Amino acid sequence: MLEITGLVKVYPGPVAALQGIDLDVPLGMFGLLGPNGAGKSTFMRVLAGLLEPTSGRVTLDGIDVLDKPDWLRERLGYLPQDFGFYAHLSGRDMLLHLLRLKGVQAPGGLNALADELLERVNLTFAAKRSVKSYSGGMRQRLGIAQALAGDPRLIIVDEPTAGLDPEERLRFYDLLAELAQGRIVLLSTHIVEDVAVLCPQFAVIRAGRLVANTTPREARESIAGSI
């Protein structure tokens, strides 16, 4: 269980990006839906330990992750909205570089782990191709491959299907659904279809405030006849 209590982030200005978020995220796929600028990316960056909140508490399985960021990093897989790759490297070499940066240990060695991860995200066929030749969906799958390294307890994906064509989006849906088995996957998006297809439960954030915590079915029933 991921538990967020009273999470506030105020930028200089002041700009209140998060205004007291209270949310419990259970095991499996959980969606965070909201328009661009709602505070989703700020929320994800705080949870990933990349941004210090102004106030609030975040615990994973009872451990305060804001107080113990190193403990969190060992159990976290993170795919940000804008993931920087070295375009001249092959997909396999790029993944190996990221695994080394993350300090991942593998009984069979990093080369074997990289090959296993590429196969899992269906990129073995393109392992030796340069990243600059990858489609948007292939780059996202490469990003998911590095997020999977170390068998994380929590995976955070920020706007993963933005810009993908319908075929790539469906392929990515299948991959994310598989990842949600036995771990927490937090999916941030402004695309309603992503949440409707993947998430048994989701929250809606707007202007830094949590305005709903519901299921796709309950949300559809609540607006029946009005739209």
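Since the model is a prediction, treat every value here as computed from it, not as a measurement.
Applying the salt bridge (charged side-chain N to carboxylate O under 4.0 Å, His left out) test to pairs two or more places apart or on separate chains, those with a residue in residues 85-96 are Arg92-Asp115. Within the structure, salt bridge (charged side-chain N to carboxylate O under 4.0 Å, His left out) pairs that include any residue of residues 24-49 comprise Lys40-Glu159 (at least two apart or interchain). Applying the salt bridge (charged side-chain N to carboxylate O under 4.0 Å, His left out) test to pairs two or more places apart or on separate chains, those with a residue in residues 194-205 are Arg169-Asp194. The stretch residues 119-137 participates, sequence neighbours left out, in these salt bridge (charged side-chain N to carboxylate O under 4.0 Å, His left out) pairs: Arg120-Glu178.
Ile144 CD1 to Ile155 CD1: the interatomic distance, rounded to the nearest 0.5 Å, is 6.0 Å. For the atom pair Glu218 CD and Glu221 CD, the distance stands at 7.5 Å (nearest 0.5 Å). To the nearest 0.5 angstrom, Leu148 atom CG is 9.5 Å from Leu113 atom CG. The distance from atom CG of Leu101 to atom CG of Leu96, rounded to the nearest 0.5 Å, is 11.0 Å. Note that CG of Leu176 and OG1 of Thr161 are 8.5 Å apart. Values are rounded to the nearest 0.5 Å. Between atom CD of residue Gln146 and atom CG of residue Leu99 there is a gap of 8.0 Å, rounded to the nearest 0.5 Å.
Of all non-hydrogen atoms in Met44 and Ser188, the two that sit nearest each other are CE-CB, 2.8 Å. In this structure, Ala203 and Leu210 approach most closely via the heavy-atom pair CB-CD1, 3.6 Å. In terms of heavy atoms, Ala38 sits closest to Ile205 at CB-O, 3.4 Å. What you find for Ile21 and Gly208 is that their closest heavy atoms are CD1-O, 3.5 Å. Closest heavy-atom contact between Gln201 and Pro216: N-CD, 4.4 Å. Listed here is the closest heavy atom pair of Thr214 and Ala219: OG1-N, 3.9 Å.
Residues satisfying the ring pair (Phe, Tyr, Trp, His ring centres under 6.0 Å) test with Phe85, not counting sequence neighbours, are Phe83. Partners of Arg100 by salt bridge (Lys or Arg N to Asp or Glu O under 4.0 Å), not counting sequence neighbours: none found. Applying the salt bridge (Lys or Arg N to Asp or Glu O under 4.0 Å) rule to Glu3 yields no partners; only residues at least two apart in sequence or on another chain are considered. Gln105 meets the side chain to side chain contact (heavy atoms under 4.5 Å, CB included) test with no other residue; sequence neighbours excluded. Listed by chain and residue number, Leu2, Ile4, Leu23, Phe30, Ile184, Leu186 satisfy the side chain to side chain contact (heavy atoms under 4.5 Å, CB included) test with Val25 (two or more places apart in sequence, or in another chain).
Other residues, nucleotides and ligands place no more than 12 heavy atoms under 6.0 Å from the CZ atom of Arg206.
When hydrophobic side chains of Ile, Leu, Val, Met, Phe, Trp and Tyr are connected at separations under 4.5 Å, Phe202 ends up clustered with Leu33, Val192, Val195, Val204, Val211.
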If you look only at distance, which donor and acceptor atoms sit under 3.5 Å apart when one is on a side chain in residues 5-17 and the other is two or more places apart or in another chain?
{"residue": "Lys9", "atom": "NZ", "partner": "Glu52", "partner atom": "O", "Å": "2.9"}
{"residue": "Tyr11", "atom": "OH", "partner": "Thr42", "partner atom": "OG1", "Å": "3.1"}

Which donor-acceptor pairs under 3.5 Å do the side chains of residues 65-80 make with protein atoms, sequence neighbours left out?
{"residue": "Asp70", "atom": "OD1", "partner": "Arg73", "partner atom": "NH1", "Å": "2.6"}
{"residue": "Arg75", "atom": "NH1", "partner": "Trp71", "partner atom": "O", "Å": "2.9"}

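In this structure, the side chain of Asp61 engages the main chain of Met1 through a donor-acceptor pair within 3.5 Å. Using a distance-only test at 3.5 Å, with no hydrogens or angles considered, a donor-acceptor pair links the side chain of Arg183 to the main chain of Pro152. Panel note: side chain Gln140, backbone Pro160; a donor-acceptor pair is recorded below 3.5 Å.
At a threshold of 4.5 Å between side-chain heavy atoms, the hydrophobic network of Ile, Leu, Val, Met, Phe, Trp and Tyr places Met29 and Leu27 in two separate groups. Hydrophobic clustering of Ile, Leu, Val, Met, Phe, Trp and Tyr side chains at less than 4.5 Å, counting indirect connections, keeps Leu50 apart from Leu98. Clustering ILVMFWY residues whenever any of their side-chain heavy atoms sit less than 4.5 angstrom apart, transitively, puts Val157 in a cluster other than the one holding Phe43. In the hydrophobic cluster analysis, where Ile, Leu, Val, Met, Phe, Trp and Tyr join through side-chain heavy atoms closer than 4.5 angstrom, Tyr173 is grouped apart from Leu32. With hydrophobic clusters built from ILVMFWY side chains whose heavy atoms lie under 4.5 angstrom apart, Val131 shares a cluster with Leu110.
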Residues Val121, Leu142; criterion side-chain contact (heavy atoms from CB on, under 4.5 Å); working and verdict: CA-CA 7 Å; Val121 300; Leu142 185 60; over 6 Å; no

side-chain contact (heavy atoms from CB on, under 4.5 Å) assessment of Leu47 paired with Leu60: CA-CA 10 Å; Leu47 296 186; Leu60 176 63; over 6 Å; no

